[in-house]
Amino acid sequence: MLPTIGHWIDGKRVEGGVCLQDVFDPATGKAEKRVFLADESTIGAAIASAQAAYPGWRAVSPARRARVMGRLKQLLEEHAEEICALVTAEHGKVASDAMGELQRGIENVEYASYAPELLKGQHSKDAGPAIDCWSEFQPLGVTAGITPFNFPVMVPLWMWPMALACGNTFVLKPSERDPSSALLVAQLAVEAGVPAGVLNVVNGDKEAVDALLADRRVQAVSFVGSTPVAEYVYAAGCASGKRVQALGGAKNHAVVMPDANVKTVVSSMIGAAFGSCGERCMAVPLIVAVGDDVAKAVIAGLKSGIARIKVGPGIDSGNDMGPLVSRQHLEKVKGYIDQGVAEGATLLVDGREIRVPGHDEGYFLGPSLFDDVKPEMKIYREEIFGPVLGVVRVKTLREAMDLIDRHEYGNGTCIFTRDGEAARYFSDNVLAGMVGINVPLPVPVAYHSFGGWKRSLFGDLHVYGPDAVRFYTRRKTITQRWPSAGADEKAVFSFPSGR
Ligand code: NAD
């Protein structure tokens, strides 16, 4: 009998739902646990618990809520190894990468602990005769988050710590493929002082998501995942009257200018394309080389860099790349490599034949490298989400930027150059939400916000950072007048103005 994973509702672990689904260790291909997939009534119980906890939590002062986040940061640091071990066991990523994701998540908890400062609002004294006017940011009520498999710790921490710090309660629906770490973090949140019901975690699939989206008690939904689901969640959530931010997929391009430092490009691109097996929305699966000379030099460097990449189980600290998340995803990524060959791209390094001794059933795929990728090819247009890097050759920066601008996705992009003017023109004009200049993964720090353009984000506000404060609160503006005793009070028929 495999151990089961339930939900976290009203401050305790509970089980229940439509069915149980296997959770695999991607390094061995063996089912190790089974997760309950929530049905409508389980989701309803989580929402009811969040709804009941809301008035009490809203009344807690921002300073006290912030102190809870401070304690949570400490607990996450103390339990880092335990949390990361769960990530590696269910997602497959190497331990150092899991630690990196946890650290970025902790930075969001730290930012949430500045909530009293962030919620201060704006005040105007003497906006009129004896009149003051101020704006304040009030919580929304029950809020929810739906998160992807690829950052099982960090992405939930983009959402709920700030939602809670702003006075909301929360229902999280993590990915059913790697559900355990979110539950452990929820337990630590209780230890940090989050009262029962303020944070609930329900595992599940589409049925659980649909129940969350349809429930009118949920005021706002943050979603991170693939673009088709993001678009669906945005439409369904808005249709049921919610505020929605839905972050989708990506296909990030790195432009390499003729004057770029090739060594920097190669080392940056090895990490950006193959780190976490390419399963990152900020991964860079495309190089756009401006000129054949730089293309040749970068390809030569990549080939020798790729030859040194160690692929194997994530728990072995000597490995650079773990397995992909599932057998189905492994087959999908291999299918893209087949397709690239069929469409005429030149396959320079083929990762399909990799063998990891003792792990024949694991979902391993070696790094692959294509040259001569063309914009009409499927491997150029679609998000592969695997360790497959393609090189597109162009003649000018403008041509490179036209490619990026015309692409369906606009999450991140970067340029490698020593020319400040080119870099400035690029960052000013390119159609993407996050731009790196000699930085391959321009993931904003926790006190900025994260989000793409075009079909990489549906909604207005980005996630975490200052935008999160706006997303999880609504502005109320109060105008007050305290006329002095005996003031001459006359009816006024003109519209009040500052004249
Ligand atoms: P996914 O879209 O399959 O799943 C995301 C979440 O939606 C999960 O919780 C899942 O249970 C749920 N879901 C799946 N199918 C659904 C459906 N039909 N209806 C309702 N809910 C559904 O994504 P994934 O495979 O878990 O994650 C990988 C994707 O996430 C990639 O496309 C990646 O680019 C994207 N991603 C984007 C960002 C970003 O910030 N833009 C960050 C991380 C991942």
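These numbers come from a predicted model, not from an experiment. All residue numbers in this chain count up from 1 along the given sequence. In listed order, ligands and their atoms are each counted from 1.
- Atoms of ligand 1 found under 4.0 Å from any heavy atom of Val209, numbered from 1 in the order shown, are 20 (C), 21 (N).
- Under 3.5 Å, the side chains of Tyr232 and Asp210 contain a donor-acceptor pair of N or O atoms.
- Distance from atom 31 (C) of ligand 1 to its nearest protein heavy atom, with residue and atom name: Glu383 OE1, 3.5 Å.
- Contact annotation for Arg280 and ligand 1: no heavy atom of the residue comes within less than 4.0 Å of the ligand.
- Side chain to side chain, Lys454 and Ser456 fail the donor-acceptor criterion of an N or O pair below 3.5 Å.
- Closest to atom 2 (O) of ligand 1, if we only count protein heavy atoms, is Ser226 OG, 2.6 Å.
- Less than 4.0 angstrom separates atom 40 (O) of ligand 1 from at least one non-hydrogen atom of the protein.
- Arg177 counts as a contact of ligand 1, since one of its heavy atoms falls under 4.0 Å from the ligand.
- Residue Val229 holds the heavy atom nearest to atom 13 (N) of ligand 1 of all those in Val229, Leu213, Asp178.
- For the residue pair Thr28 / Glu361, no side-chain donor-acceptor distance below 3.5 Å is found, with atom types taken as modelled.
- When only modelled atom types and interatomic distance are considered, Gln219 and Arg474 share no side-chain donor-acceptor pair under 3.5 Å.
- Closest to atom 28 (C) of ligand 1 among all protein heavy atoms lies Phe385 CE2, 3.6 Å.
- Distances from atom 37 (C) of ligand 1 to the heavy atoms of Gly145, Pro148, Gly248, Gly249 show the closest one on Gly248.
- Neither the backbone nor the side chain of Glu279 has any atom closer than 4.0 Å to an atom of ligand 1 (non-hydrogen atoms only).
- Residue Asn150 places a heavy atom under 4.0 Å from ligand 1.
- Residue Glu176 approaches ligand 1 through these ligand atoms, each under 4.0 Å from one of its heavy atoms: 10 (C), 11 (O).
- In terms of protein heavy-atom proximity, atom 8 (C) of ligand 1 is closest to Thr147 O, 3.3 Å.
- The pair Glu107-Arg104 counts as a salt bridge, with a side-chain nitrogen and a carboxylate oxygen less than 4.0 angstrom apart.
- At least one heavy atom of Trp158 sits less than 4.0 Å from an atom of ligand 1.
- Counting only N and O atoms by type, the side chains of Tyr409 and His253 include no donor and acceptor under 3.5 Å apart.
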